[in-house]
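I have placed the structure first, in the form of structure tokens, so that the comments after it can refer back to it.
Within every chain, numbering begins at 1; the chains are lettered A, B, ... in the order of the sequence lines, protein sequences first and strands thereafter. As a basis for the values below, the full set of heavy atoms in this structure was taken, side chains included, without hydrogen atoms, waters or symmetry mates.
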There are 2 protein chains.
Amino acid sequence: MALFVQQGFDETTVAQIAEAAGVSQMTFFRYFPTKDAVVFDDPYDPVIADLVAAQDPGLPAMERVRLGLLGAWNSVPDAVDDATREKIRLIAGHTRLTAGIWENNRRTEDLIVEALTGTGVGRVEARVAAGACLGGLTAALLDWASEPDGQELRERMSTALDLMGESGRTARRNR
Amino acid sequence: MALFVQQGFDETTVAQIAEAAGVSQMTFFRYFPTKDAVVFDDPYDPVIADLVAAQDPGLPAMERVRLGLLGAWNSVPDAVDDATREKIRLIAGHTRLTAGIWENNRRTEDLIVEALTGTGVGRVEARVAAGACLGGLTAALLDWASEPDGQELRERMSTALDLMGESGRTARRNR
DNA sequence: GGCGAAATGTTAGAGACTAACATTTTCGCT
DNA sequence: AGCGAAAATGTTAGTCTCTAACATTTCGCC
């Protein structure tokens with residue numbers, strides 16, 4: 001990560017990383033399947049799925065996902081640490097890495113869909129709800145990384161989820 | 001594309017593609033920046049931005065994007081042709097290519113954001129609305145490609161956009 | 001100390017992509 | 001037709017990520 005930040009992601013070769021770590025290139029690839037993988041490691045998925053599943057089944061799918069995600073972000077104890085912040089910024093400034101976020105989101109999406117369909121929601125509806133919420137959330141995350149405005153990340157995530165919901169709809173109604 | 005479908009994306013080398021096309025490998029890369037680029041070529045973006053900009057500015061951002069996209073899909077004359085269908089299926093069956101969709105979506109997202117902020121919507125709100133709608137739409141597209149249920153693509157896109165809107169919310173309310 | 005297993009290393013190679021430079025093809029113009 | 005400039009294509013050599021096969025070292029445990 002230090003090398004990436006110093007000289008950029010593309011400009012850093014695996015050989016350099018390996019040398020800095022005092023191991024051979026081969027060893028690097030035994031710990032990280034790809035060079036990209038160094039930057040991606042989120043273990044939050046299961047919490048999210050549980051919280052989505054716990055929402056009132058009477059609500060529309062979109063709303064259940066939204067509230068589940070809101071709960072998940074509020075359950076993250078304190079502010080995001082600097083290392084994470086750096087990672088997100090690195091990703092946001094790199095087109096291919098940004099796209100790579102979606103390889104992670106896909107796993108989250110699948111779990112959410114599973115949680116929803118398990119309680120009677122249709123497959124398509126579940127996919128759309130999960131995709132939309134994750135899409136809005138990711139957009140907010142990337143915006144936060146590239147145009148810092150002092151807002152805390154968790155607060156930003158809340159704002160985003162609100163904007164996708166009823167309150168976001170009514171907020172602008174009488175402008 | 002024929003080669004990709006026959007033997008898979010990863011299993012097809014650009015040397016093979018070049019040979020099949022009767023050109024050198026170098027020439028291939030002069031026409032396509034990457035091997036992935038063969039699969040990605042959507043020129044629909046400008047239409048979308050225009051239609052989003054044309055929505056009633058009194059509506060919330062999320063709604064304007066939703067309706068704009070709905071209009072865009074309805075303006076695509078007739079059903080998607082087989083070649084496109086094949087491309088989508090190819091992408092949907094390949095993790096890295098699926099993530100690659102978002103390199104395209106990002107461009108679309110930027111245009112939508114531009115259209116919205118140009119009419120007074122806040123930056124974050126615009127990003128979230130665009131990200132959410134594109135997220136839901138893409139999820140529906142990928143689901144359509146991997147689990148065919150006879151529904152036409154355009155119809156599927158309409159369904160998806162409805163689910164993200166007011167109607168999607170009320171539809172399930174009295175179940 | 002010694003044995004088996006896990007971790008690490010070496011070497012060779014495939015495949016995507018780039019850069020520099022040479023060659024051919026195309027095309028407007030006389 | 002024929003000339004010359006510009007565009008398209010080719011050749012070669014190289015970098016970098018990632019893989020496979022196999023050798024070597026290190027470590028925990030008896």
Side-chain angles (χ1 to χ4, degrees), chain A residues 1-43 83-84 86-107 110 142 145, chain B residues 1-43 83-84 86-107 138 142 145:
Chain A
M1 281 305 302
L3 287 174
F4 287 162
V5 171
Q6 276 171 40
Q7 43 182 331
F9 183 82
D10 289 335
E11 290 68 33
T12 305
T13 72
V14 174
Q16 289 177 305
I17 301 173
E19 198 197 335
V23 295
S24 81
Q25 202 164 344
M26 206 39 287
T27 301
F28 171 88
F29 281 113
R30 273 199 263 259
Y31 284 84
F32 299 93
T34 65
K35 183 175 142 185
D36 300 22
V38 176
V39 187
F40 294 112
D41 57 338
D42 310 340
T84 308
E86 218 162 47
K87 277 187 193 178
I88 298 177
R89 245 190 275 278
L90 187 74
I91 295 173
H94 191 287
T95 309
R96 222 196 57 245
L97 286 180
T98 301
I101 289 189
W102 291 98
E103 273 181 66
N104 281 66
N105 276 1
R106 184 57 198 249
R107 228 178 311 133
D110 288 344
L142 291 171
Chain B
M1 281 304 301
L3 286 174
F4 287 161
V5 171
Q6 276 171 41
Q7 43 181 329
F9 184 82
D10 288 335
E11 290 68 32
T12 305
T13 74
V14 320
Q16 289 177 306
I17 300 174
E19 198 197 335
V23 296
S24 80
Q25 202 165 338
M26 216 21 301
T27 302
F28 170 88
F29 281 112
R30 272 200 262 260
Y31 284 85
F32 299 93
T34 64
K35 182 173 141 188
D36 300 24
V38 174
V39 186
F40 295 112
D41 59 337
D42 310 342
T84 308
E86 218 161 47
K87 277 186 194 178
I88 299 178
R89 245 189 277 277
L90 187 73
I91 295 172
H94 191 287
T95 310
R96 222 196 60 243
L97 287 180
T98 301
I101 289 188
W102 291 96
E103 273 183 63
N104 280 67
N105 276 4
R106 184 58 197 249
R107 229 180 310 135
T138 303
L142 291 171

When rounded to whole Å, the CZ to C1' distance for the pair F28(A) and dG9(C) reads 16 Å
Atom CD of Q25(B) and atom P of dG10(D) are separated, to the nearest Å, by 11 Å
Open item on the list: When you measure from the side chain of K87(A) to the backbone of M1(A), do you find a donor-acceptor pair of N or O atoms at a distance under 3.5 Å?
Closed with: no
Rounded to whole Å, NZ of K35(B) lies from P of dC18(D) at a distance of 14 Å
**Asked** Between S24(A) and dG9(C), is there a side-chain N or O to OP1/OP2 distance below 4.0 Å?
**Response** yes
E19(B) atom CD is separated from dG10(D) atom P, nearest whole Å, by 12 Å
Any non-hydrogen side-chain atom of R96(B) less than 4.5 Å from a side-chain atom of F9(B)? yes
Rounded to whole Å, the CZ-C1' distance (F32(B) to dT9(D)) equals 16 Å
Which of dG9(C), dC18(D), dG10(D) is nearest the side chain of V23(A)? It is dG9(C)
Rounded to whole Å, CZ of R96(A) lies from P of dA16(C) at a distance of 15 Å
Can V5(B) and E86(B) be said to form a side chain to side chain contact (heavy atoms under 4.5 Å, CB included), step by step?
-> CA-CA 8 Å; V5(B) 171; E86(B) 218 161 47; 3.7 Å; yes
Ranking M26(A) and T12(A) by the position along DNA chain D of their nearest nucleotide, the one closer to 5' is T12(A)
Contact under 4.0 Å: Y31(A) side-chain N or O vs dT8(C) OP1/OP2:
yes
R30(A) has its side chain closest, among dG10(D), dA16(C), dG9(C), to dG9(C)
Ranking dT18(C), dC18(D), dT10(C) by distance to the side chain of F29(A), first place goes to dC18(D)
Residues K35(A) and V14(A): closest non-hydrogen pair is CD-CG2, 3.9 Å
